[in-house]
S.K.: 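One structure follows; several queries about it will come next.
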Amino acid sequence: MPELPDVEVFRKTIDDKTIGKSINDYTIHVKDLVGSSRQKLNKIRGHKINSTQRRGKYCFLEIEDFDWLVLHFGMTGSVSYYEDDEEEPEYSAFSFQFKDKGHLSVISKRKLGKIEACKSPDAFAEENDIGTDALELSQDEFLELLDKKRGGIKGALMDQSLLSGIGNIYSDEILIQARLHPKMNLSKIDEKKRKELYTKMNEVLKKAIEVQADPSKLPKNYLIPVRNEGDSCPYCEGKVKKIKISGRGCYICPSCQKK
DNA sequence: AGTACCACCTGACGGC
DNA sequence: TGCCGTCAGGTGGTAC
């Protein structure tokens, strides 16, 4: 599930439950997810989690007298905090044990994401070509970015090097709310429409965070809860249709979103 | 540069 | 019930 809003919810969980706690030890269940050596990771032992940050779909943990740890969740990752008398969650790939009490698991069903050390969120973003977080962009910056980009609008929204955080699901939501067809070429989108898109992008992402990225708590007119072929469009009498873009399933309302 | 497609890896779901 | 194909919210690499 993890796009920007999901990762923001994960970050808040980590923040609420683990800031200031000293890491006693850690356990790796899925080796492939871990991108740093044991030797390096062992240095987190005995140190506190000082703060958290998020950029796009990446979550960063600042650990005292250490660099930072960066968490990426792939398609099926999440985090879960649990107490000493609770069981470790299913598909836990990595877990921290805290000195005081409690545990934090990084869960990954498909073993896609990544956990590794990095110098800082900014350095990591620089090295990995991760654009500004979608919620940190001013309208002017957003317009500037779109000017640099060619091709379809959905591709632009999902281009993590252009702006970071938006994935397949939320791009569909933003585009239907802005009444833009995902394949609409940027050259055909005027400034008024681009500004509307910026507004919708912010609205959707903020609303999703507000409801803890829980689709069932989204407002009634959202696409996400009815993102299935043949479901009723939240805006008109039409039906939701599935199309493919670069091999990925993409849901639209053909009458609300025209090419 | 943009787009399509494959690979990574495994689970969930629908059809037979 | 069980097997099989298909698909899945991400990213990276390749090829056109």
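Residue numbers start from 1 in every chain, and the chains themselves are labelled A, B, ... in the order their sequence lines are given, proteins ahead of strands.
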S.K.: Taking both distances under 3.5 Å as the test for a Watson-Crick or G-U pair, what stems of at least three pairs does DNA chain C have?
M.R.: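 Runs of three or more consecutive pairs: B:2-8 with C:10-16, B:10-16 with C:2-8.
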
S.K.: Return whichever of A/N128 or A/D6 has its heavy-atom-nearest nucleotide of DNA chain C closer to the 5' end.
M.R.: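 Nearer the 5' end of the strand: A/D6.
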
S.K.: Give me the distance, rounded to whole Å, that separates B/dC9 from C/dG2 when you measure between the C1' atoms they each carry.
M.R.: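 It works out to 23 Å between them.
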
S.K.: What is the ring orientation for A/F98 with A/F96, classed by angle as parallel under 30°, tilted 30 to 60°, or perpendicular over 60°?
M.R.: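 Ring orientation, 0 to 90° scale: parallel.
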
S.K.: What's touching nucleotides 14-16 of chain C from the protein side, N or O pairs under 3.5 Å?
M.R.:
none

S.K.: For nucleotides 4-16 of chain B, read 5' to 3', which letter fits each nucleotide if B means a protein heavy atom sits under 4.0 Å from the base, S means only the sugar-phosphate is that close, and - means neither?
M.R.: B---BBBSS----

S.K.: Locate the shortest heavy-atom distance separating A/E141 from A/E136; write the atom from each residue and the value.
M.R.: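 For A/E141 versus A/E136, the nearest heavy atoms are OE1-O, 3.8 Å.
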
S.K.: In terms of relative ring orientation, are A/F142 and A/Y198 parallel, tilted or perpendicular, with 30° and 60° separating the classes?
M.R.: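 Plane angle between 30° and 60°, so tilted.
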
S.K.: Would you confirm whether A/E116, through its side chain, and A/V34, through its main-chain N or O, come within 3.5 Å as a donor-acceptor pair?
M.R.: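 Such a contact is absent between A/E116 side chain and A/V34 backbone.
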
S.K.: Whole Å only: how far is the CD1 atom of A/I169 from the C1' atom of C/dA8?
M.R.: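 Atom CD1 in A/I169 sits about 9 Å away from atom C1' in C/dA8.
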
S.K.: Measure the distance from CD on A/E116 to C1' on C/dT11 and round it to the nearest whole Å.
M.R.: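 Interatomic distance, CD of A/E116 to C1' of C/dT11: 13 Å.
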
S.K.: Whole angstroms only, please: what is the CE-P distance between A/M158 and B/dG2?
M.R.: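 About 15 Å, once rounded to whole Å.
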
S.K.: Find the distance A/K242:NZ to C/dG9:P and express it as a whole number of Å.
M.R.: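 Interatomic distance, NZ of A/K242 to P of C/dG9: 8 Å.
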
S.K.: Do any side-chain atoms of residues 147-154 of chain A form donor-acceptor pairs under 3.5 angstrom with protein atoms, and if so which ones, sequence neighbours left out?
M.R.:
from	atom 1	to	atom 2	distance (Å)
A/D147	OD1	A/R194	NH1	3.3
A/K149	NZ	A/D159	OD2	2.9
A/K154	NZ	A/N168	O	3.2
A/K154	NZ	A/N168	OD1	2.8
A/K154	NZ	A/S171	OG	2.8
A/K154	NZ	A/D172	OD1	2.6

S.K.: If the condition is salt bridge (Lys or Arg N to Asp or Glu O under 4.0 Å), which residues does A/E144 pass it with, not counting sequence neighbours?
M.R.: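 For A/E144, no residue satisfies salt bridge (Lys or Arg N to Asp or Glu O under 4.0 Å) once neighbours in sequence are set aside.
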
S.K.: Hey, does A/K114 reach any base, or is it just sugar-phosphate, or nothing, if we go heavy atoms under 4.0 Å?
M.R.: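 No contact at all - A/K114 keeps every heavy atom at 4.0 Å or more from the nucleic acid.
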
S.K.: Indicate whether any N or O donor in one side chain lies under 3.5 Å from an N or O acceptor in the other, for A/T52 and A/R11.
M.R.: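 Judged by distance alone, the side chains do pair up.
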
S.K.: Under the salt bridge (charged side-chain N to carboxylate O under 4.0 Å, His left out) definition, can you give me all pairs with a residue in residues 195-214 of chain A, not counting sequence neighbours?
M.R.: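 Qualifying pairs: A/E191-A/K195, A/K193-A/E196, A/K200-A/E203, A/K207-A/E210, A/D214-A/K217.
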
S.K.: So does A/H72 get a side-chain nitrogen or oxygen closer than 4.0 Å to the phosphate oxygens (OP1/OP2) of C/dG10?
M.R.: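 Checking C/dG10 against A/H72, no side-chain N or O comes under 4.0 Å of OP1 or OP2.
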
S.K.: For A/E237, give me all partners under salt bridge (Lys or Arg N to Asp or Glu O under 4.0 Å), at least two apart in sequence or on another chain.
M.R.: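 With neighbours one apart ignored, the set is empty.
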
S.K.: In whole Å, what separates the P atom of B/dG14 from that of C/dG9?
M.R.: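 Taking atom P in both B/dG14 and C/dG9, they lie 16 Å apart.
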
S.K.: Rounded to whole Å, how long is the line connecting atom OH of A/Y58 with atom P of C/dG10?
M.R.: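 After rounding, the gap between these two atoms is 11 Å.
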
S.K.: Between C/dG9 atom P and A/Y251 atom OH, what is the distance in whole Å?
M.R.: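 Interatomic distance, OH of A/Y251 to P of C/dG9: 7 Å.
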
S.K.: How many Å lie between CD on A/E3 and P on C/dA8, as a whole number?
M.R.: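 Computing the A/E3:CD to C/dA8:P distance gives 13 Å.
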
S.K.: Using a 3.5 Å cut-off and no angle test, enumerate the donor-acceptor pairs between side-chain atoms of residues 121-132 of chain A and protein atoms at least two apart in sequence or in another chain.
M.R.:
from	atom 1	to	atom 2	distance (Å)
A/D122	OD1	A/R55	NH1	3.4
A/N128	ND2	A/F124	O	2.8

S.K.: Using the salt bridge (Lys or Arg N to Asp or Glu O under 4.0 Å) criterion, which residues pair with A/K114? Sequence neighbours excluded.
M.R.: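 Result, salt bridge (Lys or Arg N to Asp or Glu O under 4.0 Å) vs A/K114: none returned.
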
S.K.: Let me have the donor-acceptor pairs involving side chains of residues 241-259 of chain A, under 3.5 Å, with sequence neighbours excluded, atom names and distances please.
M.R.:
from	atom 1	to	atom 2	distance (Å)
A/Q257	OE1	A/C253	N	2.8
A/Q257	NE2	A/L180	O	2.9

S.K.: Side chain to side chain contact (heavy atoms under 4.5 Å, CB included) with A/V240: which of A/N228, A/I176, A/L223?
M.R.: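 Among A/N228, A/I176, A/L223, the one meeting side chain to side chain contact (heavy atoms under 4.5 Å, CB included) with A/V240 is A/L223.
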
S.K.: Could you measure between the two P atoms, the one in C/dT6 and the one in B/dC5, and give it in whole Å?
M.R.: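 The same atom, P, in both gives a distance of 15 Å.
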
S.K.: For DNA chain B, determine which residues of residues 140-154 of chain A have any heavy atom closer than 4.0 angstrom to one of its atoms, and list them numerically.
M.R.: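 Those residues are A/K149, A/R150, A/G151, A/G152.
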
S.K.: Could you state the CG-C1' distance from A/L205 to C/dG9, rounded to the nearest angstrom?
M.R.: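 Between C1' of C/dG9 and CG of A/L205: 13 Å.
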
S.K.: In chain order, what residues pass the salt bridge (Lys or Arg N to Asp or Glu O under 4.0 Å) check against A/D133, with sequence neighbours excluded?
M.R.: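 Residues passing salt bridge (Lys or Arg N to Asp or Glu O under 4.0 Å) with A/D133: A/R54.
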
